[in-house]
Every structure is written in structure tokens, then in C-alpha cells.
Amino acid sequence: MRCYVFPGQGTQKKGMGRSLFGRFPDLRRRADRVLGYPIEELCLENPERRLSDTAYAQPAIYVVNALHWSAAQEDLPPADFFAGHSLGEYSALFAAGAFDFETGLTLVRRRAELMSQVSGGAMAAVVGLSEQTVQQTLEQHGATGVVIANYNAPEQFVLSGSREELARIKPVFEQVEGVRGFVPVRVSGPFHAPAMAPAADRFRSLLASVEVGELRTPVISNVTGRPFGPDAQEVRDLLADQIARPVRWTDCIRYLRDAGVSAFTELGESKVLTSLIDRITTALDAAPDPAPDAEAKPARQPEEEPAPDPRRALIERIKREILQPEIGDEALAFDEDASFRQLGLNSIIYVRLARRAGTVLGVPIKPDVIFQHRSCSALADHLLTRDDIAGAAAPEASPAPLREYQDERVTALLHDCADGTLTVDRTIEAIRALA
């Protein structure tokens, strides 16, 4: 079974949707009428850096997600489920037929306005710790105003609270054994936390007048981690609740796996959700089977050593052999999905990183490649689509994973990407669709 997932806020970037606005001009015109400003200009030129503003970022992401959904309807097989992370849930509901494009965009625009009006708070991602450790650390240090806002993966959580409290507990978390990062999230307020309750209540009033249609395909709710029911009022209530309640992404993916989903395809401008899903499913696969009798657990048979993962190996090489020599040990703890911008890199460093990457991988790498793919995971995904790099990037003595790239259909897609016929994102989507 197959699930399409849609990303949310934080994935916006200048140039988003560039290859799709011309392909779906009617969608662009409809967005312009709802918003009252040219959406293509906002996404491609980012005037006055408006994409960093919640009020502009959320509508832009919704529109670009809709463009990718339009392309998927033409290029990819149908899905059995939809899911979206936070804002992405509106894209999932639109794709499933809960409301038309204009209604969804109107809701997103108002949601963004209300959320942007709540100030005085912030968010930060904690990587490398279990949920229990995060909760215990908050309790032990009296951070009662800080809550887990996003359950993104078994060892990745986003905290939401006041700027002062997050600043106070940052050094505390950085000293906890096993932590790999405490990274501020660039948002305008404490999203998915009790402080957003007034915004949620005002949004609930707007939702009361919105017609919600029957879902053609099941959509998983961020609030419950389960599919939305057939009751339109339940959909309205959960959309309002979502503003002030945690995003339970791990529960969503766990439900989908239990329901039989084996193929996840991310539609949008990032591969952040793809990486999170990989982490969640890896953790689920590694979890021991529950024993029927807790007092007499059967002995587990030794398992074969898992085959090396070329993508994971390349991400580690990027951190260890490319980033670390330039920025120091901070690279080793740097979140693989975080933007290099958080490291404060300048253009000179990007040139040096490109030279070092070329030396490490044995092929020329342009600085633009590093600049355009500004996270370890995005850079790895791009590099693995290049015929001249895929072999060099893979770990030594690992022929089994490389056989996956010998499929003639995959090889043809990689060549199309290399000669510019397909974009990197479209190539990755198509390869995942073949899996």
C-alpha cells in the first residue's frame, strides 16, 4: 500500500515550485485571486524575504504542495492514504477531497494570520534523546511552560514555549548524555502549544462555516495519529485543535505501517518527512516483538548483519569528511535535516566545502550544488542520483545495496536526471514509486 505525505512550515525556500508554475497556470491564477498578490513572484523571488514570515510562508507551501499533487496525479500511481505534517495536513485533506483548492487556501491564509499574531514564544528541536528523557529533563529543571510540540521521530522532538525558558534549558539539554543537538526552529511563535489556544478558538469560529466533503482517501490526523472519521464536524474540530496541540507524526507513521503501507512518497519541496519516516520505520523494524508472557520471553535468534545503507553512509561521510574539517566537531552533532545556514556559513566556506566534497568523492562538485542542497540529507539525496558519484559514495564492500540501482528503469531515470530531462525531486519521487 502507498501513502503520499505533504510537508509543512519550515520547508519554504526561494525558488520553490519553479518547475511547476508554468505547468499548472490555472492553479497559479486561482491562488492569486484568493491571496490578492502574485504567488509565483513570492515563491520564486521572495521579495522582502516574506517567505520567512508565517503569514506568507504557509499559503506559499500550501500552493506549492498543490502543484506537486497536480503533478503526482499525472505522473504517479494513486495513493491508499494521505498524511501531512502540521500545515501539510491541509494539503492532504485537499488531495482527499475534503474541500476545493480555494477553500483550503482561504483556511490556510487565515490560519497563518492567526498563528503569526501570537508572539513571545519560540521552538527548538531536540535530537538524540528519547521522549522519556526529554520529559524528565523538562520536569527536573522546572520548565513547566515548555511542552513537546512535535513528536517527529523516536529521537527527534520539537519543544515549544517562551524564548526565555528555551534559552534557559538549552545548556541543560546540551549536557544530557546522548543528545546530538538542541537547534532553534525559525518560527514566529510557540506553535502546537497551549499558548496558541486563543488562535485555535478564533480559527474554530471560521471553520464552523466551512463545508467539509467526504474523504475519497483516508487522511491521518496529526492530533490523534489515526484517520479522520466521516463526521465533518470532527474534521473541523481536529483542524482547530491542531493549532494548539502536538503533532504526533511518529504515531501517524506507526498507524500507517500497521495498516500495511510500505511505500511513502513525499510531495513538496523537501525530503524532511522522507528522512523522518526512514527513522521511524527503522526504529519500528528494530523493535523486539512483544512476548506473550512477560516472565518467559523466548530467546531471540541471532539476526543477520543488516546490509549497509548507502544513503546513511553518505550522510555520515558528509558530516565527517566534508563539514567537520571546515567547521569542527559541531558537524558531527549537526542535525542531518537542518539547513547549513544555521552554521553561519559564508560564500567562501561554500566554495571550500565544494572543493573538499570533490576531493572526497573524486569528482568535481560545484559550490552551487552545496548551496542549493543545504542540509546533509538533501545533499546526500542529490549526490546519490548522479552516476559519477553513486558508486564512490557507497560504503566499501557493500554490493547488495548497489544492486538496487541496477534496475533498468532506475538507471534510465538517473540518466534523465543527469542530462536535465528530470529534476532531482521528480527523479527521487519516480524511483520511490517504483519501490
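Note that the structure is predicted; figures quoted are calculated from it, not measured. Residue numbers count from 1 along this sequence.
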**Report entry** Polar contact flag, side-chain donor to acceptor under 3.5 angstrom, Arg111-Gln242
**Finding:** yes
**Report entry** Member of Val127, Leu159, Val176, Leu129 meeting the side chain to side chain contact (heavy atoms under 4.5 Å, CB included) criterion with Phe182
**Finding:** Leu159
**Report entry** Side chain proximity check, Arg257 to Arg254, heavy atoms < 4.5 angstrom
**Finding:** no
Query raised in the report: Going by atom types alone, do Glu269 and His68 pair a side-chain donor with an acceptor below 3.5 Å?
Result: yes
Query raised in the report: Does some side-chain heavy atom of Asp80 sit less than 4.5 Å from a side-chain heavy atom of Cys3?
Result: no
Requested in this report: Please assess Phe24 against Trp69 for the test ring pair (Phe, Tyr, Trp, His ring centres under 6.0 Å), listing each intermediate value before the final yes or no.
Outcome: CA-CA 11 Å; Phe24 302 102; Trp69 165 237; over 10 Å; no
Report task. Classify the angle between the aromatic ring planes of Tyr62 and Phe94 as parallel (below 30°), tilted (30 to 60°) or perpendicular (above 60°). Result -> tilted
**Report entry** Donor on one side chain, acceptor on other, Asp100 and Thr103, under 3.5 Å
**Finding:** yes
Requested in this report: Apply ring pair (Phe, Tyr, Trp, His ring centres under 6.0 Å) to the pair Tyr90 and Phe6, showing each step before the final yes or no.
Outcome: CA-CA 9 Å; Tyr90 289 79; Phe6 296 89; over 10 Å; no
Requested in this report: Check whether any side-chain heavy atom of Ile148 lies under 4.5 Å from a side-chain heavy atom of Pro246, and answer yes or no.
Outcome: no
Query raised in the report: Less than 4.0 Å between a side-chain N and a carboxylate O, is that true for Glu164 and Arg168?
Result: no
Query raised in the report: Are Glu155 and Arg180 ion-paired here, with the side-chain N under 4.0 Å from a carboxylate O?
Result: yes
Report task. Using the side chain to side chain contact (heavy atoms under 4.5 Å, CB included) rule, pick out the option among Val223, Val212, Leu93 that qualifies with Phe228. Result -> Leu93
Requested in this report: Assess the side chains of Thr106 and Glu102: does a donor N or O sit below 3.5 Å from an acceptor N or O?
Outcome: no
Report task. Please tell me if the side chains of Phe173 and Val134 come closer than 4.5 Å, counting only heavy atoms from C-beta onward. Result -> yes
Query raised in the report: Hey, are His85 and Asn152 close enough side-chain-wise for a donor-acceptor pair under 3.5 Å?
Result: yes
Query - Note, Ser375 side chain near Glu336 side chain (heavy atom, < 4.5 Å) - result: no
Query - Taking every non-hydrogen atom, the tightest pair across Gly225 and Cys252 - result: CA-SG, 3.9 Å
Query raised in the report: With a 4.5 Å heavy-atom cut-off, do Val360 and Arg317 have their side chains touching?
Result: yes
